[in-house]
Structures are given as structure tokens and as C-alpha cells.
Amino acid sequence: MPVYKVQPPIGRGAKSITLGGNGAKSKTLLGRLSELGPQREVWLDLDGEHVIAIVGKRGSGKTHTLGVVVEGLSSASRESQLSRMDFGWRHAVVIFDTLNLFQWVDLPLSEAKGPQAERQRKLLAQWRLQPAPIEPTFWHPVGSEPATSKSSPFSINPVDMDAQDWGRLLDVDIAAEPMGQLLNDVYAQVQRRHGTRASSATQPYTVDDLISILRSDSAIQADYSPETIRGIRQRLSALSRSPLFDSKQPDWKAALKPGHVAVFLLGRVPEDLRSVLVFSRNT
Ligand SMILES: Nc1ncnc2c1ncn2[C@@H]1O[C@H](COP(=O)(O)OP(=O)(O)O)[C@@H](O)[C@H]1O
Ligand SMILES: [Mg+2]
């Protein structure tokens, strides 16, 4: 890696640098400082929540850095030289991978090919680090083509969608547009009939249940024009043919386990579905 000269020098007098906090309970090793001067270790604090953007030119190491963080967060490397975690401090790692890049995250460095891998192996020995394996699971949405034979299908349970999620998926604004307001009313009605998302007694429902409310609810017929109702019905009908919304299939929440890396390979998933997958909140 290139060596940079910055003023004022970073971390003067410190033995190592921790980003984002002091990492008293848990932190993960990012690497070493590239700047001129002593080769200080750089750590990432994991005590609190962080929202991090990694920016840089193409090839500057954004994806690499994400991979390093994943490595440190996975349980396999807990207690290793790559991270320090207090007892009981385990993260469920979820990667929404829109480029299907992380499908190779389980490939050990010892098996990787090419000059970069060779350099990394040398550095590993030079820094006296032991490689730590990652044992991820891979997931693809039911009905889409898997990016790797290792991946398992997952579905979305409609119960996990809120009005905003449906709006996003059908491309309507639930506050500002009549079609969106209608969708919001349909959602409120399905909650009345099947229970709210937060309650444990919620009965599963399907996209067809939403369509049937749309057709039969008398208040909806009275409040909205036939064109608005038709607009939403057409969009919901298209969705009901997608196998993705299925309460009987394994739910994507099965992928979330403390200390475990779940990679959602979304490279071949259409844009609107991707954002729903990322937004549909798990509780
Ligand atoms: N800190 C680093 N140490 C060693 N190799 C790195 C580092 N950062 C990036 N690389 C290597 O440089 C290449 C480009 O990095 P990459 O993460 O794909 O860049 P970006 O995602 O920013 O386009 C990759 O082969 C990667 O392994
Ligand atoms: Mg990249």
C-alpha cells in the first residue's frame, strides 16, 4: 500500500488508534496506519452503534475494509488477535450485498490465488496474525436465481411489512397520493383482521388477503375512485404472483444469529425489491 504524509501526524504518542470510541468492551482490528511514521495499529470501536460510510476512488479498498470489519465481527474470530470482545458481546452480522461480492467471503486466504493474496499472506506472517475462518451462510430471495450453490432461499412474511414498505414496493407515497392512502387503509384493515405486527397473536396473511379487502371492504369502495382501486389492485396482483411473499417458507430472520455472518446476495434482485428487503424491519 502507498505511504501517505499528513499534517498534523495522526495518533502522535499513542501506541494504537481506535476509531469511533475507545473500544473498552469490544473492538476489531482494521489494520495499520498507512501514513508516514510508526506503524500504529488501527482499531474500530464496537461498543456503541455506528453509522459508517466508506468512501474512496475505485480500487482504494472500500470493499476490502468492509471485509475486514466482517472478519472481526464474526464469532469465529472472537477471542482472536483480530478482535477483542467482552463476554456475551456477540453481533449478528448481516450483509446486504448488491454486487454479490461477498459470495467468496468464506474462501480462506490460504486458498486464494493471485499476487494480492500472496502479499496478504506475507503481511499476515509479518504481523504475526493467525488467520480466522469465517463460516457464513448465504441467502437469496425465493424465486430468484442463486448466485452460488451454497445459498439458501428465503422469503418475506407479509406480516413483517408495514404500510411504508408496501408503499415503497408499489411505488406510491402513502401520505401524499390517493393510491398510497388507499394502500394505507388496506393495510390498517388487514391489521384489524389479522392482528398488528407487534402482537404475538398475529395471524399470517397473504397479498391475496390484501386484494380481497380491496375488493370487498365497503368503506374503501365508498372512499376511493374505481381507478384508484384498480391501480392498487393491478400492482398487488402482480406481486401476488411473486413467490417471495410467503409466510410458509423459511423466513429471513432465521438467518440472524449472534456471532454468525449472513450474506444476502441481492445482485440479481430488482431494485424495488432490494430496498424492501433491506427496509422490512425484523423485530
Ligand atoms: N488495506 C489493504 N491491504 C491490502 N490490500 C488491499 C487493501 N485495501 C484494498 N486492497 C486490495 O486492493 C484491491 C482493490 O480494493 P477494493 O476493496 O476492491 O477497492 P474498492 O472497493 O474501493 O473499489 C483489492 O484487490 C484489495 O484486496
Ligand atoms: Mg468495491
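One-based numbering, in listed order, for ligands and for the atoms of each.
- Listed by number with element, the atoms of ligand 1 under 4.0 angstrom from any heavy atom of Arg58 are 23 (O).
- Within the 4.5 Å cutoff, no side-chain heavy atoms of Thr28 are placed close to those of Leu73.
- Residue-ligand proximity, Lys62 to ligand 1, at heavy-atom distances under 4.0 Å covers atoms 17 (O), 19 (O), 20 (P), 21 (O), 22 (O), 23 (O).
- When each atom of ligand 1 is checked for a heavy atom of Lys57 under 4.0 Å away, the hits are 22 (O).
- For the residue pair Ser225 and Thr228, a side-chain donor N or O sits within less than 3.5 Å of a side-chain acceptor on the partner.
- Residue contacts with ligand 1 for His64 involve both N, CA, C or O and side-chain atoms from C-beta outward (heavy atoms, distance under 4.0 Å).
- A donor-acceptor pair under 3.5 Å is formed between the side chain of Asp47 and the backbone N or O of Ser26.
- Salt-bridge annotation for Asp209 and Arg193: absent, with no side-chain N of the basic residue lying under 4.0 Å from a carboxylate O of the acidic one.
- Annotation: Thr65 places no N or O atom under 3.5 Å from an N or O atom of ligand 1; distance criterion only.
- At least one heavy atom of Ser60 sits less than 4.0 Å from an atom of ligand 1.
- Proximity of Gly59 to ligand 1 is established by a heavy-atom distance of less than 4.0 Å.
- Closest heavy-atom approach to atom 16 (P) of ligand 1 among the candidates Ala112, Ala117, Gly61: Gly61.
- If you take CH2 on Trp43 and OG on Ser16, they are separated by 7.5 Å, rounding to the nearest 0.5 Å.
- Ring-plane geometry between Phe264 and Trp139 is classed as parallel, the angle between the planes falling under 30 degrees on a 0 to 90 degree scale with a further cut at 60.
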Original post:
Asp171 and Arg235: salt bridge (charged side-chain N to carboxylate O under 4.0 Å, His left out), yes or no, with the steps?
Top reply: CA-CA 9 Å; Asp171 196 24; Arg235 293 182 197 198; 5.1 Å; no

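- At under 3.5 Å, a nitrogen or oxygen of Gln120, whether backbone or side chain, sits near a nitrogen or oxygen of ligand 1.
- One option in Leu30, Ile54, Leu66, Thr63 has a heavy atom closer to atom 18 (O) of ligand 1 than any other, and that option is Thr63.
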